[in-house]
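Side chains are part of it too, since the values below use all heavy atoms of this structure and drop only hydrogens, waters and symmetry mates.
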Amino acid sequence: MLFQYFLCLFIVFASTNGQPIYKQSSDCPGNFKWTTDGITIMGSGYGTGPDQFQFPEGLFLEPKTQILYVTDVSNNRVQKRYLNGEIKTAAGQANCAGGSTPDKLSGPRDVVADENENVYVVDEGNQRVQFWEKDAKSGKIVAGDGTRGSSLSEFSYPFRLTLDSKKNIFVSDTQNERVLNWSSVYIPKTSAGKIVAGGHGAGLNPYQLNGPVGLYLDEPNDDLYIANGNSHSVTQYNMDSYGDKIIVAGIPGRPGNSAAQLCSPEGLTRDKYGNLYITDSGNHRIQMFCPGAVFGITIAGTGKMGNASNELNLPRAVAFDFDMNLYITDTYNYRVQKFNRIQ
């Protein structure tokens, strides 16, 4: 085992030959830099109040309205924060009641919203994705049939979602080791998903997924970026049958805290320059992988668990506003942190 580990590291270091090596975020395209201390913009502690969380996880910042949406997993709701600081419940029950009826959620994991404040929610405990219109009292199913299984109409613990420009839905179906694409038109009892990534069992090969969680869609290039939580890597997965499947971050099957490694990665996003941002959850940090880089750069967190303003505790998701300020669900500190861009 020790020999295999050093062999794997040798391959990684050898692969940097001819590759750009970036030492800090400002060396990368865009020349970005952020504060080392975060500001808490949501979360006054563990609880059920409007500004309290029980494990915030999914995070979405709507580009036009700049409304921030957060899934409050154990409170069975989705909270939204307006620019003026007002916080409301966007889906689920404000009193945190969970359940399987259309008006309730059970452990929501992720959220995407549109400019009209309608939200799509991964309702993991109910094996479905729900759509809630603004101010609606209940949601309706738009993916999954509410039962756990491996057929194309079912999920086995859906985790993250993203939408394309036509509002087709992509969902990481974690225990089925696949990503499913669902049409924007849902017909009960007949609608089914299409496998667009994975479906070859869990494994370390680029064409296999291993506990797929975080997703980022590069629609013009037909690529999905997929965080493999169980193999500690990120795959760039072209959805064409003959398209490339490439490991772009982490060493599959080798968790660690070096610049080349990840530990239980989850949330993903990219910027217009092609820089990839990863919530390296088990390492309590956010890693930035610049184009073509093998080594990541830590842009938030210290790499150690903590609750100080410069520390994170099992972060799960990452997003940016229009000024490239950085937002993170600091899950086990029950807060959302903002790290201001300073360059």
Side-chain angles (χ1 to χ4, degrees), residues 20-45 51-53 55-63 65-70 79-87 214 216 227 234 249 257-259 262-263 265-291 293 295-343:
I21 296 180
Y22 306 94
K23 295 183 179 180
Q24 54 189 4
S25 62
S26 56
D27 293 337
C28 302
N31 307 118
F32 298 124
K33 193 173 182 179
W34 295 269
T35 56
T36 56
D37 290 302
I39 302 167
T40 301
I41 62 163
M42 290 182 74
S44 60
D51 192 32
Q52 292 180 309
F53 290 118
F55 307 107
E57 191 155 314
L59 181 70
F60 185 80
L61 193 57
E62 204 287 314
T65 63
Q66 293 293 288
I67 297 172
L68 184 65
Y69 297 82
V70 183
Q79 299 294 84
K80 60 183 175 182
R81 180 187 185 274
Y82 294 93
L83 285 173
N84 65 4
E86 181 184 8
I87 296 172
Y216 176 86
V234 176
N257 59 9
S258 75
L262 302 169
C263 183
E266 286 207 13
L268 302 173
T269 193
R270 291 175 80 231
D271 64 29
K272 65 180 181 180
Y273 300 101
N275 300 308
L276 177 66
Y277 303 86
I278 305 169
T279 51
D280 188 10
S281 185
N283 285 321
H284 315 288
R285 65 188 183 182
I286 306 301
Q287 293 294 88
M288 177 183 185
F289 282 80
C290 308
F295 299 102
I297 299 165
T298 300
I299 61 169
T302 64
K304 294 183 179 180
M305 179 189 304
N307 60 11
S309 60
N310 67 334
E311 294 175 316
L312 302 170
N313 190 349
L314 296 171
R316 297 295 171 84
V318 60
F320 291 98
D321 64 20
F322 52 71
D323 290 322
M324 286 298 292
N325 298 308
L326 172 66
Y327 296 76
I328 303 164
T329 46
D330 188 10
T331 301
Y332 279 73
N333 283 324
Y334 315 111
R335 64 189 183 185
V336 176
Q337 294 291 87
K338 178 183 179 182
F339 292 79
N340 286 309
R341 176 188 168 194
I342 54 177
Q343 179 175 313

**OP:** Starting from the C-alpha separation in whole Å, work towards a yes-or-no answer on ring pair (Phe, Tyr, Trp, His ring centres under 6.0 Å) for Tyr334 and Phe55.
**Re:** CA-CA 6 Å; Tyr334 315 111; Phe55 307 107; 5.4 Å; yes
Subject >> Arg285 side, atom CZ; Ile328 side, atom CD1 - distance, nearest 0.5 Å >> reply: 13.0 Å
Original post:
Can you name the closest pair of heavy atoms from Gly306 and Glu311 and give their distance?
Top reply: CA-OE1, 3.3 Å
Original post:
Taking only residues two or more places apart in sequence, or in another chain, which ones meet Gln24 in a side chain to side chain contact (heavy atoms under 4.5 Å, CB included)?
Top reply: Ser26, Asp27
Original post:
Taking Asn84 for the side chain and Glu86 for the main chain, is one N or O donor matched with an acceptor at less than 3.5 Å?
Top reply: yes
Subject >> CG-OH distance between Leu276 and Tyr216, expressed to the nearest 0.5 angstrom >> reply: 9.5 Å
Subject >> Student check: side-chain heavy atoms of Asp330 and Asn313 closer than 4.5 Å >> reply: yes
Subject >> Interatomic distance, Leu312 atom CG to His284 atom NE2 [nearest 0.5 angstrom] >> reply: 9.0 Å
**OP:** Using side-chain contact (heavy atoms from CB on, under 4.5 Å) as the criterion, point out the one residue from Leu68, Ile67, Leu61 that pairs with Thr65.
**Re:** Ile67
Original post:
Name the one of Asp51, Ile41, Val70 that satisfies side-chain contact (heavy atoms from CB on, under 4.5 Å) with Arg81?
Top reply: Ile41
**OP:** Hey, could you give me the OG1/CD distance between Thr329 and Gln337, rounded to the nearest 0.5 Å?
**Re:** 10.5 Å
Subject >> Distance (rounded to the nearest 0.5 Å) between Phe53 CZ and Gln79 CD >> reply: 6.5 Å
**OP:** Taking Asn325 for its side chain and Arg341 for its backbone only, find out whether a donor-acceptor pair lies under 3.5 Å.
**Re:** yes
**OP:** Give a yes or no on whether the backbone of Phe32 and the side-chain of Ser25 come within a donor-acceptor separation of less than 3.5 Å.
**Re:** yes
**OP:** Flag the pair Thr279 / Arg316 as yes when at least one side-chain heavy-atom distance between them is below 4.5 Å, and no otherwise.
**Re:** no
Got a list of side-chain donor-acceptor pairs under 3.5 Å for residues 295-304, not counting sequence neighbours?
| from | atom 1 | to | atom 2 | distance (Å) |
| --- | --- | --- | --- | --- |
| Thr298 | OG1 | Gln287 | OE1 | 2.5 |
| Thr302 | OG1 | Lys304 | N | 3.2 |
| Thr302 | OG1 | Lys304 | O | 3.4 |

Original post:
Out of Lys80, Gln52, Met42, which residue meets the side-chain contact (heavy atoms from CB on, under 4.5 Å) rule with Ile87?
Top reply: Met42
**OP:** Evaluate side chain to side chain contact (heavy atoms under 4.5 Å, CB included) for Phe320 paired with Thr269, printing each intermediate quantity in order.
**Re:** CA-CA 9 Å; Phe320 291 98; Thr269 193; 3.7 Å; yes
Original post:
Do you know the tightest heavy-atom contact between Val234 and Ala227?
Top reply: CG2-CA, 4.2 Å
**OP:** Check whether any side-chain heavy atom of Asn275 lies under 4.5 Å from a side-chain heavy atom of Pro291, and answer yes or no.
**Re:** yes
**OP:** Please work out which of the three classes, parallel, tilted or perpendicular, describes the rings of Tyr277 and Trp34, given edges at 30° and 60°.
**Re:** perpendicular
**OP:** Using a 4.5 Å cut-off on heavy atoms from C-beta on, say whether the side chain of Leu262 contacts that of Phe289.
**Re:** yes
Original post:
In a check of side chain to side chain donor-acceptor pair (under 3.5 Å) between Ser309 and each of Asp37, Thr35, Thr36, which one passes?
Top reply: Asp37
Subject >> Atom pair CG (Leu314) and CG (Asp280), whose distance is rounded to the nearest 0.5 Å >> reply: 10.5 Å
